[in-house]
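What follows is a single structure, written as structure tokens, with notes after it.
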Amino acid sequence: METIAQREAEIIEEFSFFDDWMDKYEHLIALGKELPALSASLKVESNQIKGCQSQVWLHATLEDGGIRFEADADAIITRGMIALLLRPVQGQPPSAVAAFEFGFLDPLGLTAHLSPTRANGLLSMVKQIRLYGVAFQAKRG
Amino acid sequence: METIAQREAEIIEEFSFFDDWMDKYEHLIALGKELPALSASLKVESNQIKGCQSQVWLHATLEDGGIRFEADADAIITRGMIALLLRPVQGQPPSAVAAFEFGFLDPLGLTAHLSPTRANGLLSMVKQIRLYGVAFQAKRG
Amino acid sequence: MNLSDIRAHFPILRREVHGRPLVYLDNAATTQKPQAVMDALVDYYGGYNSNVHRGVHQLSQEATDAFEKVRLQLQAHVNAAHSHEIIFTKGTTDSLNLVAHGFRSMLSKGDEILVTQLEHHSNLVPWQMLAQHSGATLKYVSMDGQGALNMEDFHAQLTAKTKILAFNHISNALGTINPVKAMAAAAHALGAVVVVDGAQALPHSAIDVQDLDVDFYAGSAHKMYGPTGIGLLYGKTSWLEKLPPYQGGGEMIAEVAMEKSSYAGLPHKFEAGTPNIAGVIGWGAAIQWMHSVGMDQIEAHEHELLQYGTALLEAIPGVKIYGKAPKKAAVLSFNVAGLHPYDVGTLLDQMGIAVRTGQHCTQPIMDEFGIPGTIRASLAAYTSKEDLDALARALEKAIALLS
Amino acid sequence: MNLSDIRAHFPILRREVHGRPLVYLDNAATTQKPQAVMDALVDYYGGYNSNVHRGVHQLSQEATDAFEKVRLQLQAHVNAAHSHEIIFTKGTTDSLNLVAHGFRSMLSKGDEILVTQLEHHSNLVPWQMLAQHSGATLKYVSMDGQGALNMEDFHAQLTAKTKILAFNHISNALGTINPVKAMAAAAHALGAVVVVDGAQALPHSAIDVQDLDVDFYAGSAHKMYGPTGIGLLYGKTSWLEKLPPYQGGGEMIAEVAMEKSSYAGLPHKFEAGTPNIAGVIGWGAAIQWMHSVGMDQIEAHEHELLQYGTALLEAIPGVKIYGKAPKKAAVLSFNVAGLHPYDVGTLLDQMGIAVRTGQHCTQPIMDEFGIPGTIRASLAAYTSKEDLDALARALEKAIALLS
Ligand SMILES: Cc1ncc(COP(=O)(O)O)c(C=O)c1O
Ligand SMILES: Cc1ncc(COP(=O)(O)O)c(C=O)c1O
């Protein structure tokens, strides 16, 4: 399996082809459309992360030493961001997830979506992703 | 008896000799010292006008068709101002007092003392002076 | 003043966002500020900054005079009978809380408070809190599908039990203009107090509180070209005298002993602590600016643009406008079929268009329409047809990207 | 930074009053503002003015980021454990009312609230109102002839019945610095909540709320080189969670239905309505300015000037200084034998000297001394020895004129 760092590099490479915001957002929207919907049984309150404007759901399980994340959102750009955020961490070992900084968003020009003052719930999701890393580490250790 | 207008002119003339603020305030302070103290029996709540910083008392009676004002204050500059304010209206008929505008303070450069936002109670005193004019007019008429 | 003169007063309108010229259509949230307001603030802080009232020195006198002059300006602006009927508060929310709080000791079980489904949370939550504390019942007037108040329902809900009627003059989410004068008269006939949230009306038209005959009227400077952190509560003298003080502190007392204090007269009774002096002075400049344009011109201009924008948006397939009351002010609230407002707003932002998306602090309206929120373009005196053209073009692009 | 560099930041210090250079010695009422604060306001209003939170557009994002950055600045400035422990209010008075009001439902007959004789009305009247509403008893700690708290009396009054201890860190009328840490520890040992009015301490020295171990700490930006209309309430998380919301409105709710609402988390629960955004951002610039000078330098400078000014005034026959506590900050409160403070203040003003005269919103202190008020010269980071020399010379002249 590729490491988190390899996947980050891939994403940065992928976005480097876009030279205007339209292409970038088109891609983000495409990613959002491709993200598999969370099954209704997992779209429950306990998996929900409240953003003021966009609702986000996140679920995680430990499979073969790697974390399997499933997530969803009601807004499509938020879904695209989720797809992007999950790509590096999907299936990775808890320790790697717990320590991950999501630094690749910066060269992509998408850091603003994770600003603590954004009303989209993504920052809370990122915190939650890391927390799952910590929690599953503890479970194993 | 001189009219209000004559007395105003006199005061303006009197102050025209002062060319700096020190002389003017020295005179005001002297006027304050000369103002007869209000007798203790008249320094009562009902005659009191509350300024935030300087307390003012005002009493008036009707004598031979003219109003006799007696007043006092705890601060000396306020007393001086009172002496000045009472000079034109002292002994004047109620109708003249009720209509008086106290315009002479302007050429004297002392209008600020009567500003509605001053904390010295003088504006309230001026209003009270006029009110006595109105009240005694009504009594007679 | 013509539109380009008006726009020239607002330095921010010359900036770019994401490399595009800013198109600011979030005026119901807060308006931009003319240069005159910034100048007034700098003049104050740089020239005569001082605490107000009680000071014997010149700066304090100058600051107090400037501060109190604005009270007179506001008195004239809303045509209040007395200057002491203008209370300076932090803003509309603060004003409404002051009133709602004051009635805690005057209501009891069996009494009713009537609000409407159109209220901003700031004119809803304080009454919920009042109901909770006093035991009174909170009732509300429903709206129709156009976003107008259901007047039949209003008259059915308004009874002799109604002690307080609270509603907004103009809805921030839908633009609905409510018939204040008629509603106030009906409420007064039954003995109720009338509290009007004027946050959205004050920026758009001339207000005459005596003609409307309301008991309280609340507003925020920041929505009417003025600074943040300052607002007004107009109250009829008789009610302001009945209402207990809200906050205790400096300025609002006559005599203080360790055990008990007596309160100062109006307006000071409701203005505890150092006020937002710069805010008040800046507000004075904003009001002067509004009058230099003319309240009637502002209203007419916005009305014309509202019609222009409505036609533009309705021509775009999939766009649905929420709020189509017969009497309506400068707000275009809409959604695009199948699209989440957050997505549309995010893309519009990329194109330099500032609109608000979401519930606009009016969750009950959104719940009624069964939607998570709307996209809201709200207009001001400086809004141009070009702004609305840019919105429409960007919206088409956003729809194309998202579909 | 040396003094002339510091003074150069304050444009108002270059103005004249009655033809004389301004000597501003009314800093306890409000301080002057450095150019950086005005620049921050103009940058905001001219560059990124927008309502904060919930906006998806760029301006709103920029404004929100700048606004929230100041919360972090303040957290660091007072060393709070969490940024959500910094609540933005209108000012000290608003902060103290928020706390006092929150305890209405938590106190009852038999409980005691302990304040001191040194309090500003803003830290006295709210507790009187709380006592009145809850049935609790208000008690107070007396002061000695020097204006220091009587610590024996403090320990006698503080009992297991004491639910709240509220007092100021520094007295605005006398300059007394109270032993906050020791008083807080004593109160906590008996289970009382500790509320500190820090309005006069924040401008003069570094504050560490965790080291002082107080439960609430209140302050005003305008007294610390910042804008009017904005202040802070620091509260320990556990207490802020226990305290009910104060005002209802936008921003402070999680879910709103017509009947009932659920409240948002900290700090939003206590920040209903549009905040004073420009005020907060300007305050950030003020704090940055204070740190560019250095809190220790400010404290040391003022301490030196206080001693210098005390000696100058005491050398003038008839002058009596009120407040000579062993630990004392930048306030010179005095009277001249036989003269009314109002007269002295009026003449000083004619000579360009801005001092405050009167009760300084501390009537109980004046009553204790049996005087109608004092003349108060209060210092700041930009005060110079020349300012104090000018005061002394002018005072001698005023005495000569009045005697
Ligand atoms: C010790 C003290 N407490 C409270 C206050 C009230 O502060 P504000 O008027 O900013 O609310 C002041 C200032 O006047 C003060 O000096
Ligand atoms: C109709 C209405 N009422 C009340 C408010 C609250 O105003 P503020 O946030 O200035 O207190 C607003 C603005 O948000 C509004 O639009």
Side-chain angles (χ1 to χ4, degrees), chain C residues 11-12 15 17-18 29-30 32-33 38 41-42 45-47 49-51 54-59 90-91 93-94 97 120-122 125-126 128-129 140 220 222 227-230 247-250 253 256 258 260-261 272-274 276-279 342 345-346 349 354 356-358 361 363-364, chain D residues 11-12 15 17-18 29-30 32-33 38 41-42 45-47 49-51 54-59 90-91 93-94 97 120-122 124-126 128-129 140 222 227-230 247-250 253 256 258 260-261 272-274 276-279 342 345-346 349 354 356-358 361 363-364:
Chain C
I12 204 172
R15 82 162 262 187
V17 157
H18 302 302
T30 201
Q32 297 305 335
K33 320 303 172 198
M38 289 172 250
L41 295 175
V42 171
Y45 282 130
N49 170 67
S50 173
N51 213 323
R54 294 158 191 264
V56 296
H57 60 78
Q58 177 67 15
L59 290 191
K90 197 154 71 166
T93 304
D94 194 23
N97 276 277
H120 187 281
H121 296 162
S122 291
V125 183
Q128 291 178 336
M129 291 164 85
Y140 63 94
S220 299
H222 73 91
T228 57
I230 186 71
Q247 300 195 319
I253 39 70
V256 177
M258 288 310 299
K260 211 179 145 39
S261 304
T274 303
N276 186 351
I277 305 165
Y342 179 80
T346 301
D349 174 50
R356 187 134 301 223
T357 61
C361 295
Q363 202 174 322
Chain D
I12 204 172
R15 82 162 263 187
V17 157
H18 303 301
T30 201
Q32 297 304 334
K33 319 305 172 196
M38 290 172 250
L41 295 176
V42 171
Y45 282 131
N49 169 67
S50 173
N51 214 322
R54 294 159 192 264
V56 296
H57 60 77
Q58 177 67 15
L59 289 191
K90 197 154 71 167
T93 304
D94 194 23
N97 276 277
H120 187 281
H121 296 163
S122 290
L124 178 55
V125 184
Q128 291 178 337
M129 291 164 85
Y140 64 94
H222 73 92
T228 57
I230 185 73
Q247 298 196 319
I253 39 73
V256 177
M258 290 307 300
K260 212 180 144 37
S261 304
T274 303
N276 186 351
I277 305 164
Y342 180 81
T346 301
D349 175 51
R356 187 134 303 223
T357 61
C361 294
Q363 204 174 323

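Owing to the predicted nature of the structure, the values given are computational and were not obtained by experimental measurement. Below, read A as the first sequence line, B as the second, and so on, with proteins coming before strands; counting in each chain starts at 1.
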Problem - Backbone N/O of D:Lys90 and side chain of C:Asn276: donor-acceptor pair under 3.5 Å - result: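 No: the side chain of C:Asn276 does not pair with the backbone of D:Lys90.
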Exercise for the section: Report the residues that fulfil side chain to side chain contact (heavy atoms under 4.5 Å, CB included) with C:Thr274, sequence neighbours left out, ordered by chain and then residue number. Expected result: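 Side chain to side chain contact (heavy atoms under 4.5 Å, CB included) list for C:Thr274, sorted by chain: C:Asn51, C:Ile277, D:His222.
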I need the minimum non-hydrogen distance between [X] and [Y], along with the two atoms involved.
{"X": "D:Gly248", "Y": "C:Pro126", "value": "O-CG, 3.5 Å"}
{"X": "D:Asp349", "Y": "C:Gln58", "value": "OD1-N, 2.8 Å"}
{"X": "D:Thr228", "Y": "C:Tyr45", "value": "N-OH, 3.0 Å"}
{"X": "D:Ser122", "Y": "C:Gly250", "value": "OG-N, 3.1 Å"}
{"X": "C:Arg356", "Y": "D:Ser50", "value": "NH2-OG, 4.3 Å"}
{"X": "D:Arg15", "Y": "C:Gly47", "value": "NH1-O, 2.7 Å"}

Practice task
Under 4.5 Å heavy-atom distance to chain C, tell me which part of D:Val42 shows up: side chain, backbone, both or neither.
Solution key: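 Contact with chain C involves both backbone and side-chain atoms of D:Val42.
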So which of [options] has the biggest tally of heavy-atom pairs under 4.5 Å with chain D?
{"options": "C:Met129, C:His120, C:Gln247", "answer": "C:Gln247"}
{"options": "C:Cys361, C:Ala354, C:Gly279", "answer": "C:Ala354"}
{"options": "C:Val125, C:Asn97, C:Ile230, C:Thr357", "answer": "C:Asn97"}
{"options": "C:His18, C:Gln363, C:Met38", "answer": "C:Gln363"}
{"options": "C:Leu41, C:Asp94, C:Thr346", "answer": "C:Asp94"}

Practice task
Would you tell me whether D:Gln32 and C:Asn49 have side-chain atoms, one donor and one acceptor, within less than 3.5 Å of each other?
Solution key: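 A donor-acceptor contact under 3.5 Å links the two side chains.
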Handout entry: Donor on one side chain, acceptor on other, C:Gln128 and D:Ser261, under 3.5 Å
Key =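 The answer is yes; a qualifying pair exists.
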Problem - Side chain / backbone / both / neither for C:Val56 at chain D, heavy atoms under 4.5 Å - result: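 Both parts, backbone and side chain.
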Handout entry: Top of D:Gly229, D:Gly345, D:Gly249 for chain C proximity - count of heavy-atom pairs under 4.5 angstrom
Key =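 The option with the most such pairs is D:Gly249.
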Practice task
Would you mind telling me which of D:Ala29, D:Gly46, D:Ala278 has the largest number of heavy-atom pairs within less than 4.5 Å of chain C?
Solution key: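 Looking at each of D:Ala29, D:Gly46, D:Ala278 in turn, D:Gly46 comes out on top.
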